[in-house]
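The structure appears below as structure tokens.
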2 protein chains.
Amino acid sequence: MKQAAPAADDGLRLSTWLPYRLFLVAAQVARPLESFYSETFGLSQAGWRILAVIAERDAANASEIGRACALDPFAVSRGIGQLAELGFAVRRPGKTDRRFAAVSITRSGRTAFNRIAALGSAIEARLLARLTESERTTLDSALTRLEGEGARIDAAGWRALLDDAAAP
Amino acid sequence: MKQAAPAADDGLRLSTWLPYRLFLVAAQVARPLESFYSETFGLSQAGWRILAVIAERDAANASEIGRACALDPFAVSRGIGQLAELGFAVRRPGKTDRRFAAVSITRSGRTAFNRIAALGSAIEARLLARLTESERTTLDSALTRLEGEGARIDAAGWRALLDDAAAP
DNA sequence: CGCACTGCTTGCACTTTGCAATTATATGTG
DNA sequence: CACATATAATTGCAAAGTGCAAGCAGTGCG
């Protein structure tokens, strides 16, 4: 009856595991923002992300949008549909090649975006206020590298990751 | 026809907005891990999180588990159900107060946990390898403060956040 | 033209989630 | 002691979200 070794065999503890910590902060601060835009505008998460993309990039096509906010083509299509229904975006056939959509933000879409972005910026400001100037710089540059490595990890898949770990 | 101001009015750009960057890294590295435990053990994300919690805390009750891994009581209950079905956890009524469950990991649950944790640690190691020692220290302490502020932001709700932003 | 290819959308089955109601247990009160 | 009230957890069900096969333009090449 020695089943219960109280500590985890592997050193992994959720509360100190970097990916979980990143996720946790992201999830915590995303929640109020999400309830704001969903209650106020009836927008989904994908809708908000797409809105943010087309706010800065006019006449984007669906795959550009997907790449810019990590959404698969289905989600993008549906998100655009939602934005169009709300009057926040219009889709026209592309100018030269009409297979590509040209999605643009409308005036009321921009108004909505600005209201959401104000809250988003307020949240970010509160987070940044907890950091010193030099911490912000470090975090920025660290995150850039982590994003790059994250993309590689994602692309590699778990089989490759386990193989690498076995034969370092 | 001056609808299209090409840049966002508010300064918020998704790709530089801190919460999105945190989310992005977390999501990228969570994907391979998630496909590993879901393909290999048929475990959901909630199931994995709960497994990680009960791997280090024996005879936990549902609310403790929920607090430890940021899951609402419904998700915890369902996750435990899944783990029980897979033979990775057992639930007994609590020793003193039988309203509380006492959830414990089983031997095969621990085996599964160790296998998943190995991949998790490998992923974390790859991320950390991109950082210098001093960056790791800074990130660790910065994340601790961000977690605290994140909890406050979450608790405050969007109304309070907007009010605060209006009257700083 | 016809055929293959590309970008995008739609329909449909499946899964997850949110919430009301329920069960089981404990505790306080007349 | 019986009763009302409170709490932990679970369950059922409707709504929302997701993944994928198939479909629909539109393009380009032989």
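Quick caveat: nothing in here was measured; it's all calculated off a predicted structure. Reminder, nothing fancy here: chain letters follow the sequence lines and each chain counts from 1.
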Figure out the [atom1]/[atom2] separation between [X] and [N], and round it to whole Å.
X      : N      : atom1 : atom2 : answer
B:L43  : C:dT15 : CG    : P     : 16 Å
B:I50  : D:dA9  : CD1   : P     : 12 Å
B:Q45  : C:dT16 : CD    : P     : 11 Å
A:E34  : C:dT17 : CD    : C1'   : 12 Å
A:F100 : D:dG26 : CZ    : P     : 14 Å
A:R98  : D:dC24 : CZ    : P     : 18 Å
B:W48  : C:dT16 : CH2   : P     : 18 Å
B:F74  : D:dA14 : CZ    : C1'   : 14 Å

query: Could a donor-acceptor pair under 3.5 angstrom be found where the side chain of A:R78 meets the base of C:dG11?
result: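 Such a pair is found, so the answer is yes.
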
task: Spell out, as yes or no, whether a donor-acceptor pair under 3.5 Å connects the side chain of A:E56 to the backbone of A:V53.
output: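 Between the backbone of A:V53 and the side chain of A:E56 there is no qualifying donor-acceptor contact (under 3.5 Å).
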
query: Does A:T16 reach the main-chain N or O of A:R13 with its side chain, forming a donor-acceptor pair under 3.5 Å?
result: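 Yes; judged by distance alone, with no hydrogens or angles, the pair exists.
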
Please determine whether a side-chain nitrogen or oxygen atom of [X] lies at a distance below 4.0 Å from atom OP1 or OP2 of [N].
X     : N      : value
B:N61 : D:dA8  : no
A:S44 : D:dG17 : no
B:R91 : D:dA9  : no

- prompt: Pick the nucleotide of DNA chain D nearest each of A:R99 and A:A75; which residue has the one closer to the 5' end?
  reply: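 Nearer the 5' end of the strand: A:A75.
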
task: Return yes if a side-chain donor-acceptor contact under 3.5 Å exists between B:Q45 and B:R49, otherwise no.
output: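 Result is yes, a qualifying pair exists.
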
message: B:W158: which residues meet the ring pair (Phe, Tyr, Trp, His ring centres under 6.0 Å) condition with it, sequence neighbours left out?
response: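 Ring pair (Phe, Tyr, Trp, His ring centres under 6.0 Å) check on B:W158 returns A:F36.
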
